[in-house]
Amino acid sequence: MAQDDKSSGETITAEAARDFIRDIVKTDLDAGRIKQVVTRFPPEPNGYLHIGHAKAICLNFGIAEEFGGRCHLRFDDTNPAKEEQEYIDAIERDVRWLGFDWGKHLYHASDYFERLYGWAEDLIRAGKAYVDDQTQDEMRASRGTLTEGGQNSPFRGRGVEENLDLFRRMRAGEFPNGARVLRAKVDMSSGNINLRDPVLYRILNAPHPRTGTQWKIYPSYDFAHGQSDAIEGITHSVCTLEFEDHRPLYDWFIANLDVPSKPHQYEFARLNLTYTVLSKRVLTELVRGGHVTGWDDPRMPTLAGLRRRGVPPEAIRDFIKRIGVAKANSTVDAGQFEFSVREALNKTALRRMAVLRPLKVVIENYPEGQVEELDAVNHPDDPAAGVRKIKFSRELYIEQDDFMENPPKKFFRLSPGTEVRLRYAYFITCREMVKNAKGEVTELRCTYDPATKGGNALDGRKVKATMHWVSAAHSIAADVRLYNPLFNKPDPSGTENFAAVLNTNSLEVLGGARLEPVLSEAKVEQPVQFERQGYFCRDRESTSNRLVFIRTIGLRDTWAKDQAKEKAAG
RNA sequence: UGGGGGAUCGUCCAACGGUAGGACUCCAGACUCUGACUCUGGCUAUCUAGGUUCGAAUCCUAGUCCCCCAGCCA
């Protein structure tokens with residue numbers, strides 16, 4: 001996946017175009033309008049990357065890869081008031097983790113501040129930009145409304161020399177924040193508000209993560225973006241729909257400035273996901289307001305959160321590939337993402353047994369003190385993953401959900417008198433229940449059939465259920481964290497007060513889980529399947545005396561689903 | 001009522017004047033030492049109304065609905 005400059009003569013190995021942007025790229029390549037496609041992913045370092053950014057990353061880097069071009073990582077760092085080094089570092093880390101490499105093409109809009117400044121002076125000299133002394137309120141008032149054009153600023157007619165002088169003094173730091181701005185002289189009567197003399201530079205006396213205190217004025221997004229694209233030779237500047245009506249302005253700068261190349265902007269619909277919010281503003285509030293533990297809280301849709309949650313990067317790439325790219329606003333069902341996560345995890349996660357909510361089982365006819373080692377396969381679809389030994393003894397734990405005193409007809413796990421298989425071990429039959437004062441079942445007394453060792457009956461008899469288990473004395477304790485959606489509404493972004501739709505039950509901690517001992521060697525972020533339950537990974541908050549596991553996602557559970565359905569049906 | 005976009009199964013995406021197709025979901029079944037995985041079968045869609053055409057999701061006309069824009073944010 002290295003992104004390196006390839007000679008233009010190289011064969012294009014792109015697959016058939018799969019979306020309208022790839023169509024355009026292919027057409028431009030075939031028509032010889034460009035020799036090599038050059039894209040860029042241009043994050044502003046004012047927050048962490050989320051799964052919505054993954055769509056843009058996969059699109060830009062993907063196109064470059066498929067068509068033999070290159071993709072730049074460029075920080076759009078034109079607003080030091082909001083940007084931080086922490087975010088810059090996190091963004092680089094997350095793009096790499098997702099699986100992309102910008103090679104030597106790491107850039108910053110701030111790398112171009114001097115050239116941008118020069119172009120601004122060019123515009124002034126050409127009579128196409130002026131320094132405006134109006135206050136912010138005055139500018140707002142004279143900008144007009146959606147249905148009416150604006151009024152020209154009283155400073156619009158300033159002479160070139162005066163503009164130049166004022167602009168240079170803005171740069172020199174002679175004026176306080178907000179005192180003046182440099183505006184392009186376009187068209188105050190335009191129906192497109194972006195063309196009503198947009199601001200090019202504002203006075204902002206704030207230290208910049210990269211340029212320090214060198215600059216007192218900073219270019220606006222509109223003035224910086226297209227020209228940065230032109231400097232880098234970007235051929236296809238891909239962005240989201242809300243910039244569609246900025247395109248005329250983008251083109252205006254490219255047409256009116258002496259730029260080294262002529263990039264074009266194309267827009268696609270950003271990603272929306274049910275039950276989650278992909279707005280940096282809201283995500284930032286979740287973090288700052290303490291609603292989550294940080295940007296990498298496993299409940300967050302950030303790449304850092306997903307990574308900690310145990311979601312592999314290939315699952316995200318697969319998801320993005322499946323949802324496609326178009327111009328229609330849409331909201332993808334979170335289930336679609338979960339599908340990709342399960343699919344990726346199923347292929348790679350090693351299988352282990354873990355009892356999340358233990359119920360003690362005593363095998364009455366199993367000799368006290370005896371311990372047997374049994375073979376358990378590590379991955380059912382991958383013999384190369386091998387087998388491991390697990391220990392069986394007289395006292396075991398099974399899952400509380402796997403036992404019902406008064407089961408419904410379709411329940412085929414353990415209940416009084418029934419026989420089930422303990423995976424890789426023996427058939428056991430429940431003989432009696434031990435209850436506490438409250439009448440709750442606290443222990444099961446069972447018997448096992450020695451002739452079913454390994455899990456198969458010599459007489460060929462069948463059982464309807466196979467259950468996971470651990471040996472009480474040969475298992476280890478752990479905390480297990482289960483997560484639910486952060487929001488309790490399918491479209492939380494439709495609410496103005498997101499706190500009202502916050503799911504107060506998004507984290508559930510199980511304090512008494514019992515795991516196979518090998519799980520103590522699990523690595524952080526390395527996926528493992530707890531059989532019959534889901535995919536988990538060790539969390540970095542584990543300590544030497546307390547393991548912490550995170551549930552990435554549960555296995556599909558048709559039994560639970562059918563139960564819920566019946567319950568709902570009454 | 002300014003400007004810019006968009007409407008196709010429940011959801012997401014195709015079809016570029018020639019049989020509306022795929023994925024997810026859902027439903028039914030098979031298989032199973034994970035009620036997982038896998039496999040088989042199935043349901044469901046062209047915003048509306050006109051028009052052009054042998055033939056329209058696609059072209060034309062008129063509507064309807066949805067999204068974005070009035071930061072010295074990006």
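Every value quoted in this text rests on a predicted model; they were computed, and no experiment measured them. In what follows, chains carry the letters A, B, and so on, assigned in the order in which the sequence lines appear, proteins first and then strands, with residues in each chain numbered from 1.
- If you take CZ of Phe223(A) and P of C73(B), they are 16 Å apart, rounded to a whole angstrom.
- Taking 4.0 Å as the cut-off between side-chain N and carboxylate O, Lys26(A) and Asp23(A) do not count as a salt-bridged pair.
- Not one side-chain nitrogen or oxygen of Ser190(A) sits closer than 4.0 Å to the OP1 or OP2 atom of G3(B).
- Residue contacts shown for Glu267(A) are absent, as no nucleic acid heavy atom lies under 4.0 Å away.
- Each of Glu531(A) and Ala326(A) was assigned the nucleotide of RNA chain B with the nearest heavy atom; the assignment lying further toward the 5' end belongs to Ala326(A).
- The side chain of Arg18(A) contributes no N or O atom lying less than 4.0 Å from OP1 or OP2 of C12(B).
- For the pair Leu200(A) CG and A74(B) P, the computed distance is 12 Å after rounding to whole Å.
- The nucleotide C39(B) finds its pairing partner in G29(B), both defining distances of the Watson-Crick or G-U wobble pair being shorter than 3.5 Å.
- In this structure, His379(A) atom NE2 and U34(B) atom P are separated by 13 Å, rounded to whole Å.
- Cation-pi geometry between Arg180(A) and Phe175(A) is met: the NZ or CZ atom falls under 6.0 Å from the ring centre, inside 45° of the normal.
- For the pair Ser237(A) and Tyr250(A), the minimum side-chain heavy-atom distance is below 4.5 Å.
- Checked against the 6.0 Å centroid threshold, Trp469(A) and Phe392(A) count as a close aromatic pair.
- Residue Ser220(A) places none of its side-chain N or O atoms closer than 4.0 Å to OP1 or OP2 of C73(B).
- Taking atom C1' on both U46(B) and U40(B), the two are 29 Å apart, rounded to the nearest angstrom.
- Here, C60(B) and G6(B) have their P atoms 13 Å apart, quoted to the whole Å.
- Note on Arg532(A): a side-chain N or O is less than 4.0 Å away from OP1 or OP2 of G35(B).
- With rounding to whole Å, Lys464(A) atom NZ is found 16 Å from U32(B) atom P.
- Counting any heavy atom pair closer than 4.0 Å across all strands shown, Val463(A) reaches no nucleic acid atom.
- At most 12 non-hydrogen atoms from other residues, nucleotides or ligands lie less than 6.0 angstrom from CD of Gln151(A).
- Comparing Lys327(A) and Ala179(A), the nucleotide of RNA chain B nearest to each residue sits closer to the 5' end for Lys327(A).
- Annotation: side chain of Ile316(A) is in contact with side chain of Leu303(A) (closest heavy-atom distance under 4.5 Å).
- In this entry the distance linking CZ of Phe20(A) with P of A15(B) reads 12 Å, nearest Å.
- Checking G6(B), G35(B), G2(B) against the side-chain heavy atoms of Ala328(A) singles out G6(B) as nearest.
- Taking the C1' atoms as reference points, A45(B) lies 15 Å from C24(B), given to the whole Å.
- G3(B) sits 42 Å from C54(B) when the C1' atoms are compared, rounded to a whole Å.
- For the atom pair Asp318(A) CG and Phe339(A) CZ, the distance stands at 7.5 Å (nearest 0.5 Å).
- Searching all strands for a Watson-Crick or G-U wobble partner of C65(B) with both distances below 3.5 Å returns G6(B).
- Tyr218(A) comes within 4.0 angstrom of no nucleic acid atom, judged by non-hydrogen atoms across all strands.
- Listed nucleotides: U34(B), C37(B), C67(B). Nearest to the side chain of Pro380(A): U34(B).
- Computed from coordinates, the Arg423(A) CZ to C37(B) P distance equals 14 Å when rounded to whole Å.
- In summary, Asp562(A) and Lys410(A) do not engage in a salt bridge, as defined by a charged side-chain N under 4.0 Å from a carboxylate O.
- Between Arg40(A) and Val238(A) there is a side-chain heavy-atom pair separated by less than 4.5 Å.
- Nucleotides U8(B) and A74(B) have their C1' atoms positioned 33 Å apart, rounded to a whole Å.
- With its glycosidic angle more than 90° from 0, G6(B) adopts the anti conformation.
- Among the protein residues, Thr78(A) comes within range of the sugar-phosphate backbone only, with heavy atoms under 4.0 Å from sugar or phosphate atoms but none that close to a base.
- Of all nucleotides listed (G35(B), C67(B), C12(B)), C67(B) comes nearest to the side chain of Asn329(A).
- For the P atoms, the distance from A7(B) to C47(B) is 9 Å, rounded to whole Å.
- Look at G50(B): its Watson-Crick or wobble partner, with both distances under 3.5 angstrom, is C60(B).
- We find that CD1 of Ile398(A) is positioned 13 Å from P of G35(B), with the value rounded to whole Å.
- Heavy-atom minimum distance, Arg388(A) versus Val377(A): NH1-O, 3.1 Å.
- When ring centroids are compared, His225(A) and Tyr221(A) come within the 6.0 Å threshold.
- Side chain Gln533(A) to base U34(B): no donor-acceptor pair is found below 3.5 Å.
- Looking at heavy-atom distances under 4.0 Å, Gln134(A) makes contact with a base.
- Out of C16(B), G6(B), C73(B), the shortest distance to the side chain of Glu44(A) is found at C73(B).
- The side chain of Thr331(A) contributes no N or O atom lying less than 4.0 Å from OP1 or OP2 of U11(B).
- Taking the P atom of each, G51(B) and U58(B) are spaced 14 Å apart, rounded to whole Å.
- Residue contacts for Tyr201(A): at a heavy-atom cut-off of 4.0 Å it reaches no nucleic acid atom on any strand shown.
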> Given Glu232(A) and His72(A), is the side chain to side chain donor-acceptor pair (under 3.5 Å) satisfied, shown in steps?
Replying inline: CA-CA 8 Å; Glu232(A) 294 177 18; His72(A) 301 178; 2.7 Å; yes
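- Evaluation of Tyr221(A) against the base of A74(B) yields no stacking contact (centre distance < 5.5 Å, interplanar angle < 30° required).
- Base-pair partner of U19(B): not found among the strands shown (Watson-Crick or G-U wobble, both distances under 3.5 Å).
- Within the nucleic acid shown, Asn456(A) comes within 4.0 Å of at least one base atom, counting heavy atoms only.
- Atom P of A15(B) sits at a distance of 15 Å from the matching atom of G22(B), rounded to the whole Å.
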>> Walk along nucleotides 24-29 of chain B from 5' to 3' and tag each nucleotide B, S or - by protein heavy-atom contact under 4.0 Å, base first, then sugar-phosphate.
In response: SSSS--
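- Between Phe549(A) and Phe530(A), the ring planes are tilted. Angles from 30° to 60° get that label.
- If you measure from atom OH of Tyr87(A) to atom C1' of A74(B), you get 15 Å, rounded to the nearest angstrom.
- Between Tyr130(A) and Phe155(A), the ring centre distance reaches or exceeds 6.0 Å.
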Between protein and nucleic acid, restricted to nucleotides 69-71 of chain B and to nitrogen or oxygen atoms under 3.5 Å apart, what atom pairs and distances do you find?
residue: A70(B); atom: O2'; partner: Arg143(A); partner atom: NE; Å: 3.2
residue: G71(B); atom: OP2; partner: Arg143(A); partner atom: NH2; Å: 3.0

